[in-house]
Every structure is written in structure tokens, then in C-alpha cells.
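Shown next, in C-alpha cells, is the structure this report addresses.
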Amino acid sequence: MRILFAGTPATAADSLRVLRDRLAGGDHEIVAVLTRPDAPLGRKRVLTPSPVAAAAGEAGLPVIKAARVDDDVRAQLADLDLDVAVVVAYGALVPAAALDVPRHGWLNLHFSLLPAYRGAAPAQRAIIDGLTGTGASVFALRTGLDTGPVYGTVTAPIGPDDTAADLLAALTVSGTGLLADVLGGLADGTARATEQDGEVTLAPKLTLEDGLLDWSHPAAALDARSRGVTPEPGAWTTLDGQRVKLGPVRDAARPDLSGVKVPPAPEPGLVAAHGRSVLVGTGDGAVVLSTVQPAGRTPMPAADWWRGAQHGQEVRLGRREW
RNA sequence: CGCGGGGUGGAGCAGUUCGGUAGCUCGCUGGGCUCAUAACCCAGAGGCCGCGGGUUCAAAUCCCGCCCCCGCAA
């Protein structure tokens, strides 16, 4: 089959590499890659190709850079005589007019068990919600947000220390494998899609605000949230009006941390050292800090930060005094 | 010219406003104490204060130029 791969971020680039390996030597060929245009990146605003564009370049695949699938892009795709297009986080909606350009339409690899967690940040939201497992789905693109019929799913556990990065990495590999299987099924006519069934939930893109830790919340919730927003957009709090970025925080009451005895838990937001751990009080107990990164500084172990942060004063995080 | 923070022994920081002997909390090395310890006591090593110019009797500190790191934003 002649396949178009559409994607933009690093996760999609990994998926492209995995898919290419999976298809190597078979009857299927990725004939082109669609990704978003180069964008200014970083403080210096250097125009940088998307991770997918970079991966495609390494693989020697032709790249179409476009912010939207407009008439011009649609014409290019039509010329490619595509059997199918696959989308992994392209970053723009595929308009209805383009949906039937490939012979078998468009497939989307989505990192949830649909119809749960439709939207841009499904894996992250699953972690934040404290789930112990989630999965990936391959479905047929239709108009509407992640609403098409599902060809297949894989499941994945969410470990107690898993961050969004960990989960995405795992889902990328297993999900791309699933994608390869579905492509095979489409080619030999055995693939079947079934309409989504179940409770619909939404997983919108994470904002900076989603990473703000509210110390009045329960320790377990803060633990889950901090992992779900790591590495993007990152968990954070404030100290003296300055943003302080945090690595994942762990619920001090978790069984696997039984070594950490929490004396009277500090009140919410108050920092206290205990042995080698640095604790922060929450709504119901304490969390253990892992890494701390004050604005303008490089990330450091919590104990190192604590050493220099005290100056004889009590340290209270997250106070909105600004 | 997008906005902003930072670079000081191995780590994290103070000192820069107002120039005048390199400081704190740790770590490290050696010794002591202890049944023992992430505890405690004593001693010690370790620093072109990011780089280059300038001002000055004197610069971590003031002036000019440059390099590197990071937060926000995109």
C-alpha cells in the first residue's frame, strides 16, 4: 500500500521511525510525510523543522510542510495515489474534503481507549486522573473530534512512577505496532472497524495552568498530576512570587515509600526536611520532592535546592501573594 | 532586535545597592565519640568569583564588549 504519514511532534517522529521499521521489507511503503511548517523555536527564534520533518529527512522520505490541509495540499496528496493516510498528532484537523483522498481514508493513532479521553492530551489526562491503565486506539478519521469507528486497541498499564513521557513512549511503540497490524488488515481486507461505544470524555491540551500544584489538594492527586504534566508543561509552584518548576512529587504515604515516615505533616505548602527527603505539606499528608528548578536556574535535586533555599526562614510554597 | 532570571571551591546559595582580607549550608579527606547511624565533636584540603578589556592605590562588586545556562512566550 502507498501510505502517507502525517504528524508533527517528537512522539509522532518516534512513531514514524517505528512504523517504518515495521513495514520494512513488506508490501507497504510510506511514500510521503505531511507535517507542520518549520517554526521559530526557543529564545533565539531559530526556524526549526518539526521532529517529524527531521525524522523524515533522515529516512529520505519526501516531506510536505503545511499548517493545514488546504486545496493545494489536497491536490498534492491526490497526486500521490495514496491507499491510506495515517495521522499521529499532526496538529491540525483534516478537512472533510480531504478525508476520501486516500483509497482507504485516514487512520488516526490515538493514545486512549476511545471514546474516553478524546482530544490532544489523552495519556497525560489519564495519569492525572489517577488511572492504573489506559491504551491506544487506531480509528478511522471522520469529521468531529476523535469520533470515528475503531479498528483496534491495545492496553497499557500506568505504573506508580510513570510520567507522561514514560507512558507516551510505551504507547508509541505498542500503538504503532497496532497501526502496522491495522494497515495489514486493510490491505488484505480483514480489517473491521466498530463504532465507538461507551462514555465520552475529553482530554484537551494541557496548559501551563494544568501544571500548577495546589497544595491544598490531596497528596495522591498531586502525585498523579505532577507525573501527568511531566515533562510538558511541567509541574510548578511559586516561592516569593517566583515560578518554581518541580519534577514529579511522590505521595509520602505511598506503600513503596514506607521508609519515609512523615511526622506531623507540614501544613499545606510548607516545606520540611526529613532525613534526606524534602517534604511539602498537602491537604492530607505530604509529598516528597524530586527535583526543583527555580526560574532561571537549572534543575537540581530537591535536597540541593533545600540547602540553599532556607536562609533561616520557613519556606512556604504556592502562596499567592503577588 | 519578543520579555525575564542566572554563571562565586565538588553541590546548593549569600556577598554586588554603597569597591577594602572569600562567607553559609552541605559534600569530601583525616581524627574522635558511639552497640550503631543519614547523628554529634575536632582538624584539613579545595576558589583564574564565566571570558576579555577599562576605571581605581584597590574590583566578585563600577563601566564596555563577549560566551554559556535557564524560565516565560512562540
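- Residue A/Gln293 places its side chain closer to B/C70 than to any other of B/C72, B/C13, B/C70.
- Taking the C1' atoms as reference points, B/G54 lies 32 Å from B/G46, given to the whole Å.
- Atom-to-atom distance recorded for A/Phe5:CZ and A/Arg17:CZ is 10.0 Å, nearest 0.5 angstrom.
- Connection of A/Val86 to A/Leu141 is not established within any shared hydrophobic cluster, with ILVMFWY side chains joined at heavy-atom distances below 4.5 Å, either directly or through further cluster members.
- Between the P atoms of B/C62 and B/G19, the separation comes to 9 Å (whole Å).
- Between B/G23 and B/G9, the two C1' atoms lie 12 Å apart (nearest whole Å).
- For B/G50 and B/A22, the P atoms lie 15 Å apart once the distance is rounded to whole Å.
- The distance from the CG atom of A/Leu23 to the CD atom of A/Glu29 is 10.0 Å, given to the nearest 0.5 Å.
- Side-chain proximity of A/Arg297 to B/G7, B/A11, B/C72: nearest is B/G7.
- Here B/C24 sits opposite B/G12 as a Watson-Crick or G-U wobble pair (both hydrogen-bonding atom distances under 3.5 Å).
- For A/Ala295 and A/Met300, each mapped to the nucleotide of RNA chain B holding its nearest heavy atom, the one lying further toward the 5' end belongs to A/Ala295.
- Comparing the same atom, P, in B/G10 and in B/C49 gives a spacing of 12 Å after rounding to whole Å.
- Relative to the side chain of A/Asp304, the nucleotides B/G71, B/G12, B/G6 differ in distance, and B/G12 lies closest.
- Of the P atoms belonging to B/G53 and B/G44, the separation is 36 Å, rounded to the nearest Å.
- B/A73 sits 31 Å from B/A11 when the C1' atoms are compared, rounded to a whole Å.
- One finds the CZ atom of A/Arg250 at 7.0 Å from the OG atom of A/Ser277 (value rounded to the nearest 0.5 Å).
- Base pairing of B/A58 is not made with any nucleotide, judged by Watson-Crick or G-U wobble geometry with both donor-acceptor distances under 3.5 Å.
- Minimum atom distance to the side chain of A/Arg307 is reached by B/C26, of the listed B/C26, B/C13, B/C72.
- Each of A/Leu208 and A/Gly296 lies near RNA chain B, and the nucleotide nearest A/Gly296 is the one positioned closer to the 5' end.
- Open room surrounds CG on A/Asp27; 12 or fewer heavy atoms of other groups in view lie less than 6.0 Å from it.
- Remark: the separation of the C1' atoms in B/U29 and B/G20 is 34 Å, to the nearest Å.
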